[in-house]
Amino acid sequence: MSVGKGTVLMKTKDKTILVAGGAGFLGSHLCERLVAEGARVVCLDNFLTGDRGNLVKLQRSSRFELVEADIVEPLPARLTKRKFDEIYNLACAASPPLYQADPEHTLMTSVLGTHHLLKLAHACGARFLLTSTSEVYGDPDVHPQVETYRGNVNCTGPRACYDEGKRAAETLCFDYDRLGRGLVRVARIFNTYGPRLSSEDGRVVSNVVSQALASEDITVFGDGSQTRSFCYVADTVDGLIRLMAHDGPQPGPVNIGNPVERTIRELVDVVLTLTGSSSEVVFRPLPIDDPRRRKPDIGKAERLLEWSPQTTLEQGLRATIAWFETEAAKKPFAGTKDDDIRLTA
Ligand code: UDP
């Protein structure tokens, strides 16, 4: 990850950067990296899925500030009167059971929230980065997913509040850019994991690791043959910073993900091996519209950003498991499998 890092460092130091969703899993790692590189960081979060515990280290820094607000609402004067060099929008619940719990709010977070932040970026001349998602490809018929693929999203299904929200947010971003109202960058993030995923989050890595460590049954939805490509959080953060720093003509959306594709059964086997757990695997119904396959084509990120993930699944899971072990000692796993609100077929 050393290639080009100096350039990125110079570009981040001494900037004032707003990170919407900065108290979340990915957002807090991004804030830490930006503060470490010398930026002044303002974190904006409504704590719907963000966690104050993620900010403990950050709040020791004089270059870190927290603003509690919901981007669905007009932004507070405390933000609109400020000048930012860069704005990252990571604000949205990203776990299917959590974003499906209040679908209207999820959709509005991406659409109204992105609009509010774009207006702020326009007003103060900030560069804007939207964290979009591999979900814009829906249940893909093109494999691996390349940015030119237009996707296969069911706009009336239970995942649509997230998928269509992000698609509309991308549209807003590219319209702003085309209309000359600001310089935008759009990252399409594929399944990211690492320390600070909440054990109650409901995503597969946090569920499987929590269940393995608690010697509980491991819940595999469907037969586990569906695939995902898991990217370690430090790699994702590095990709986002590089994309924000990328100069030159509008590159369009850029996939940020790890191209190593695994079945859910394979993921479970790796976790069982690394934890030495004797948990049993149990099979549950596959949620509606659960994508069958997902794997990013990262050729564009490699060419434009000189970026590719550096962390193997085994290395990343070791770090994640170690973190969950420490957290489990503080707070017992409450379990997510029986109250998972995902709609099943
Ligand atoms: N999944 C699973 N067990 C769980 C949680 C998820 O088998 O306890 C499956 C889910 O059905 C999907 C994959 O793991 O096929 C990834 O799910 P996740 O919620 O992490 O993210 P997604 O990529 O679906 O948004």
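When reading the values below, keep in mind they use all heavy atoms of this one structure, side chains included, and skip hydrogens, waters and symmetry mates. Order of listing sets the numbers, starting from 1, for every ligand and every atom in it.
Checking Thr171, Asn89, Thr109 one by one against Thr114, the side chain to side chain donor-acceptor pair (under 3.5 Å) holds for a single residue, Asn89. The side chain to side chain donor-acceptor pair (under 3.5 Å) test with Thr16 singles out one residue from Lys83, Arg63, Arg82, Arg40, and that residue is Arg40. Partner of Thr131 under the side chain to side chain contact (heavy atoms under 4.5 Å, CB included) criterion, out of Ile256, Thr236, Ile189: Ile189 alone. In summary, of the residues considered (Arg228, Arg188, Arg294), a salt bridge (charged side-chain N to carboxylate O under 4.0 Å, His left out) with Glu135 occurs for Arg294 alone.
Of the polar atoms of Val204, at least one N or O is found under 3.5 Å from an N or O of ligand 1, judged by distance alone. The distance criterion of under 3.5 Å between nitrogen or oxygen atoms is not met by Arg203 with respect to ligand 1. Among the atoms of Thr219, some N or O lies under 3.5 angstrom from an N or O of ligand 1. Residue-to-ligand polar distances keep Leu286 apart from ligand 1: every N/O pair is separated by 3.5 Å or more.
The distance from ligand 1 to the heavy atoms of Val220 drops below 4.0 Å at these ligand atoms: 7 (O). Ligand-side atoms of ligand 1 in range of Pro287: 11 (O), range being under 4.0 angstrom from any heavy atom. Heavy-atom contacts of Asn207 reach the following atoms of ligand 1: 4 (C), 5 (C), 8 (O) (cutoff under 4.0 Å). Near Arg294, meaning under 4.0 Å from one of its heavy atoms, ligand 1 places the atoms 22 (P), 23 (O). Within the listing of ligand 1, atoms 21 (O), 22 (P), 23 (O) sit less than 4.0 angstrom from a heavy atom of Asn191. For ligand 1, the atoms sitting less than 4.0 Å from at least one non-hydrogen atom of Arg159 are 22 (P), 24 (O), 25 (O), numbered in the order shown with element in parentheses.
Side-chain contact between Glu86 and Val19 is absent, with no heavy-atom pair separated by less than 4.5 Å. Contact check for Phe25 versus Thr192: side-chain heavy atoms found under the 4.5 Å cut-off.
Of the N and O atoms on the side chains of Arg150 and Tyr137, not one donor lies less than 3.5 Å from an acceptor on the other residue.
Ring geometry for Tyr99 against Tyr162 counts as parallel: the plane angle stays under 30°, on a 0 to 90° scale with 60° as the upper cut.
Only the side chain of Glu135 comes within contact range of ligand 1, with a heavy atom under 4.0 Å; no backbone atom does.
At least one heavy atom of Pro96 sits closer than 4.0 Å to an atom of ligand 1.
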